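One structure is given below, encoded as C-alpha cells.
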2 protein chains.
Amino acid sequence: MQVTMCPERAIMEHVTSKWGVLVLQVLHDGSSWRFSDLRRELQSVVSEKMLTQTLRTLERDGFVHREVYPVIPPHVEYSLTPLGKGAAHHLVALASWIGEHSAEVTESQERYDMS
Amino acid sequence: MQVTMCPERAIMEHVTSKWGVLVLQVLHDGSSWRFSDLRRELQSVVSEKMLTQTLRTLERDGFVHREVYPVIPPHVEYSLTPLGKGAAHHLVALASWIGEHSAEVTESQERYDMS
DNA sequence: CTGTATCCGCCTTGATACTG
DNA sequence: CAGTATCAAGGCGGATACAG
C-alpha cells in the first residue's frame, strides 16, 4: 500500500474527517441545504468555523457544489456534485453497516472492559 | 440523522480515524501482522504510541484480533475478526473508489486554486 | 444570512526514554 | 520484540466579534 502522503490519502482524510463524514451523509439525500439548515441538522455539534472549513475543503475537492444567490440577506445552498454522490455513497454504506452491527461492537466493548 | 454522540458515531470515528483507516486496509489482506511489521508497512509514518492506541481501540470494538505468543522475545500478531472484515471491506471499497477518481479531484482542486 | 478574523485553551500527537 | 510512561509542542476546534 502507498502510505506516504499521496493525493489519495489526503482525499481519504478529507472524506473521513470528523465533520466531512457527517456533511456528506446529510447531503446524500440529494437536496440542497442552506448553511444554517446544515448547522441545525447537525444539532449544533459543529461550530460555524469547522462547518465552513469542511465545506470549503469538500468544495475544493469537487464533492460539494456551492450555489450563491446574490440577494440580501445572502442565500447560499450546498449540494453534492455527481462526484460527491459517489464518495457519499460509500460513506453511507459504511454508516449503514455500522448501524447494523453496532450491537455486536458494543458487546465486544463491554467484554473487553470487563477483563 | 442521529448526530448526538451515539454509539454509531463513535464507532464510525474509530473506523475512519487517521490511523484506523490505514490499519484496517493493511489487515484486509487477511493475514496476521506483527506489531513491528505493521509499523514498517506504514513506513513509520505512525508513531508506536498511536499505532498501539489505534490497535487497542479496534480490538476493543471487536474488529481486530490480538494473538499473544508467550515467548521471549515477545511475539504478538494482529488480524481482522469476521466483524473487522466487514468494516474493512467498506473502507477498502471507498479507498479504491478514491483511487479511481483521484485525478478528477486533483483537477477540481487546481481549478479551485486558480480562481 | 453567511460568512471571515482573531484569540486561546486543550487535546491529540510525536519524541524520547524506559520496562518486561 | 512489544510495548508503557512521560513530557513538550502544535494544531484542532470553540467562542467571540465583526463584516458584507
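Lettering follows sequence order; numbering is per chain, from 1. All figures in this text were calculated on a predicted structure; none of them were measured in a lab.
Between B:Leu55 atom CG and D:dC1 atom P there is a gap of 17 Å when expressed in whole angstrom units.
In terms of position on DNA chain D, the residue among B:Lys49 and B:Asp37 whose nearest nucleotide sits closer to the 5' end is B:Asp37. Looking at which nucleotide of DNA chain D each of A:Trp19 and A:Pro73 is closest to, the 5′-most match is held by A:Trp19.
For B:Arg56 and D:dT4, the shortest distance from a side-chain N or O to OP1 or OP2 is below 4.0 Å. A close approach under 4.0 Å does occur between a side-chain nitrogen or oxygen of B:Ser36 and OP1 or OP2 of D:dA2. Look at B:Arg40 and you won't find any side-chain N or O under 4.0 angstrom from OP1 or OP2 of D:dC1. Residue B:Tyr78 places no side-chain N or O under 4.0 Å from the OP1 or OP2 atom of D:dC1.
In the set D:dG3, C:dT13, C:dT2, the nucleotide with an atom closest to the side chain of A:Arg34 is C:dT2. Of the candidates C:dC1, D:dG3, D:dC1, C:dC1 carries the atom nearest the A:Pro74 side chain, counting heavy atoms from C-beta on. For A:Arg66, the side-chain atoms get nearest to C:dG3 when compared with the rest of D:dA2, C:dC1, C:dG3. Taking only side-chain atoms of B:Met50, from C-beta outward, the nucleotide of D:dA2, C:dT13, D:dG13 with the closest atom is C:dT13.
No engagement by B:Tyr69 is indicated, since no non-hydrogen atom pair under 4.0 Å with the nucleic acid exists. Within the 4.0 angstrom heavy-atom criterion, no nucleotide atom of any strand lies near A:Gln53.
Using modelled atom types, one side-chain atom of B:Thr81 and one backbone atom of B:Gly62 make a donor-acceptor pair closer than 3.5 Å. Between the side chain of B:Thr54 and the main chain of B:Met50, a donor-acceptor pair closer than 3.5 Å is present. Formation of a donor-acceptor pair under 3.5 Å by the A:Ser108 side chain with backbone atoms of A:Glu104 is not found in this model.
Nearest heavy atoms, A:Tyr78 versus A:Leu27: O-CD2, 3.7 Å.
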